Amino acid sequence: MFLFLPVSLLLYHLTRVKFGKNKAIYLLFLLSLFFYGYWEWRYVPLLLASIGVNLFLVRLIVRETKKTFLKIGITFNLLLLAVYKYLGFIELNIEAFTGSSINLPELVLPIGISFYTFQQIAYLVDVSRNKTEVKVPPSKYGLFICFFPQLIAGPIVHHKEMMPQFEEDKKHAELLKLACVGLVIFILGLSKKILIADPLGEFASPLFARAEQGINIHFFIAWSAAFAYGLQIYFDFSGYSEIRARSRTFIDQLS
């Protein structure tokens with residue numbers, strides 16, 4: 001928040017001014033990979049492989065039978081997600097049903113895999129329906145999938161909605177307005193998380209833990225915990241969702 005984000009923003013705009021949009025997009029793609037790899041670098045090749053396969057499938061969808069390669073693409077992405085997200089669950093059920101031990105390798109769930117998998121499926125569908133740009137350079141497509149503000153927590157967006165924003169040329173006054181409004185909205189969303197959602201979680205979590213241990217909880221206290229947890233989830237999602245919605249509205253007004 002106070003190091004990677006401002007440094008990335010500064011480098012992006014300096015590169016865009018000095019070397020142009022394409023170089024800036026390529027830089028932002030590399031920064032996004034660094035952001036993801038900082039959590040666990042061993043999952044960067046998986047992310048890149050997923051991007052490469054989907055980009056190859058896009059070319060096939062355009063040149064060959066659309067429905068066939070669209071089905072292949074959707075199957076590939078869902079299988080990749082199933083292996084990392086549900087393999088352990090499937091293994092437990094097979095072992096419980098057969099009574100034998102399979103001993104499959106234990107896989108750590110890559111952060112953000114659900115978001116970048118479904119985002120790529122959405123892009124394949126858009127391409128098959130001629131609803132988006134097809135001839136996309138690898139760096140632009142990679143940025144579309146890896147853009148670090150939405151890589152690990154979404155939301156899932158369409159290519160035609162997101163990528164044209166990187167092509168827009170705005171005056172300094174417009175950029176300053178966007179930066180100021182974006183900062184205000186960012187603070188509001190963060191405040192919802194820190195000042196409202198987290199304290200509600202601190203109230204609800206110990207009560208849920210006591211119930212799990214079999215400790216009796218007063219009727220009104222139990223319902224208070226349930227309501228607190230519901231509000232915690234609401235303000236968590238509200239903060240991050242509101243940032244995107246209001247930012248997009250403001251950009252539309254400027255354009």
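We count residues from 1, following the sequence as given. Nothing here was measured: the structure is a model prediction, and the numbers come from that model.
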For Lys192, all residues meeting side chain to side chain donor-acceptor pair (under 3.5 Å), sequence neighbours excluded: Ser238, Glu242

Same apolar cluster: Leu9 and Leu14, side chain cutoff 4.5 Å: no

Contacts of Asp236 that satisfy salt bridge (Lys or Arg N to Asp or Glu O under 4.0 Å) - sequence neighbours left out: Lys193

Selection residues 27-46 - residue pairs positive for salt bridge (charged side-chain N to carboxylate O under 4.0 Å, His left out), sequence neighbours left out: Glu40-Arg42

Hydrophobic cluster identity match, Leu79 and Phe76, side-chain contacts under 4.5 Å: no

Heavy-atom closest pair, residues Gly37 and Val44: CA-CG2, 3.5 Å

From Phe166 atom CZ to Leu28 atom CG, the distance as rounded to the nearest 0.5 Å: 5.5 Å

Distance-only donor-acceptor hits, side chain of residues 115-132, under 3.5 Å, sequence neighbours excluded:
from: Thr117; atom 1: OG1; to: Ile113; atom 2: O; distance (Å): 2.6
from: Gln119; atom 1: OE1; to: Gln150; atom 2: NE2; distance (Å): 3.4
from: Gln119; atom 1: OE1; to: Val157; atom 2: N; distance (Å): 3.1
from: Gln119; atom 1: NE2; to: Phe144; atom 2: O; distance (Å): 2.7
from: Gln120; atom 1: OE1; to: Asn54; atom 2: ND2; distance (Å): 3.4
from: Gln120; atom 1: OE1; to: Tyr141; atom 2: OH; distance (Å): 2.9
from: Gln120; atom 1: NE2; to: Ser50; atom 2: OG; distance (Å): 2.7
from: Gln120; atom 1: NE2; to: Tyr116; atom 2: O; distance (Å): 3.4
from: Tyr123; atom 1: OH; to: Glu133; atom 2: O; distance (Å): 2.8
from: Asp126; atom 1: OD2; to: His158; atom 2: ND1; distance (Å): 2.8
from: Ser128; atom 1: OG; to: Val125; atom 2: O; distance (Å): 2.7
from: Asn130; atom 1: OD1; to: Lys66; atom 2: NZ; distance (Å): 3.0
from: Thr132; atom 1: OG1; to: His159; atom 2: ND1; distance (Å): 3.4

N/O donor-acceptor pair under 3.5 Å between Ser32 side chain and Phe148 backbone: yes

Side chain Glu167, main chain Met163, donor-acceptor under 3.5 Å: no

same_hphob_cluster(Leu33, Leu3) at 4.5 Å side-chain heavy-atom cutoff: yes

Aromatic plane relationship, Phe4 with Phe35 - under 30° parallel, 30 to 60° tilted, over 60° perpendicular: tilted

Listing, residues 200-212 side-chain donor-acceptor contacts under 3.5 Å, not counting sequence neighbours, or none:
from: Ser205; atom 1: OG; to: Gly201; atom 2: O; distance (Å): 2.9

Joint cluster assignment, Tyr12 & Leu176, ILVMFWY side-chain distance < 4.5 Å: no

Common cluster, Val136/Ile156, ILVMFWY with side-chain heavy-atom separation under 4.5 Å: yes

Any donor-acceptor N/O pair, Tyr36 side chain to Ile111 backbone, under 3.5 Å: yes

Plane angle bin for Trp39 and Tyr43 - parallel if under 30°, tilted between 30 and 60°, otherwise perpendicular: parallel

Euclidean distance, Gln232 CD relative to Phe237 CZ, rounded to 0.5 Å: 10.5 Å

Atom pair OG1 (Thr68) and CD1 (Ile72), whose distance is rounded to the nearest 0.5 Å: 6.5 Å

Residues in ring pair (Phe, Tyr, Trp, His ring centres under 6.0 Å) contact with Phe227, at least two apart in sequence or another chain: Trp223

Spacing of CG belonging to Leu46 relative to CG belonging to Leu80, to within rounding of 0.5 Å: 5.0 Å

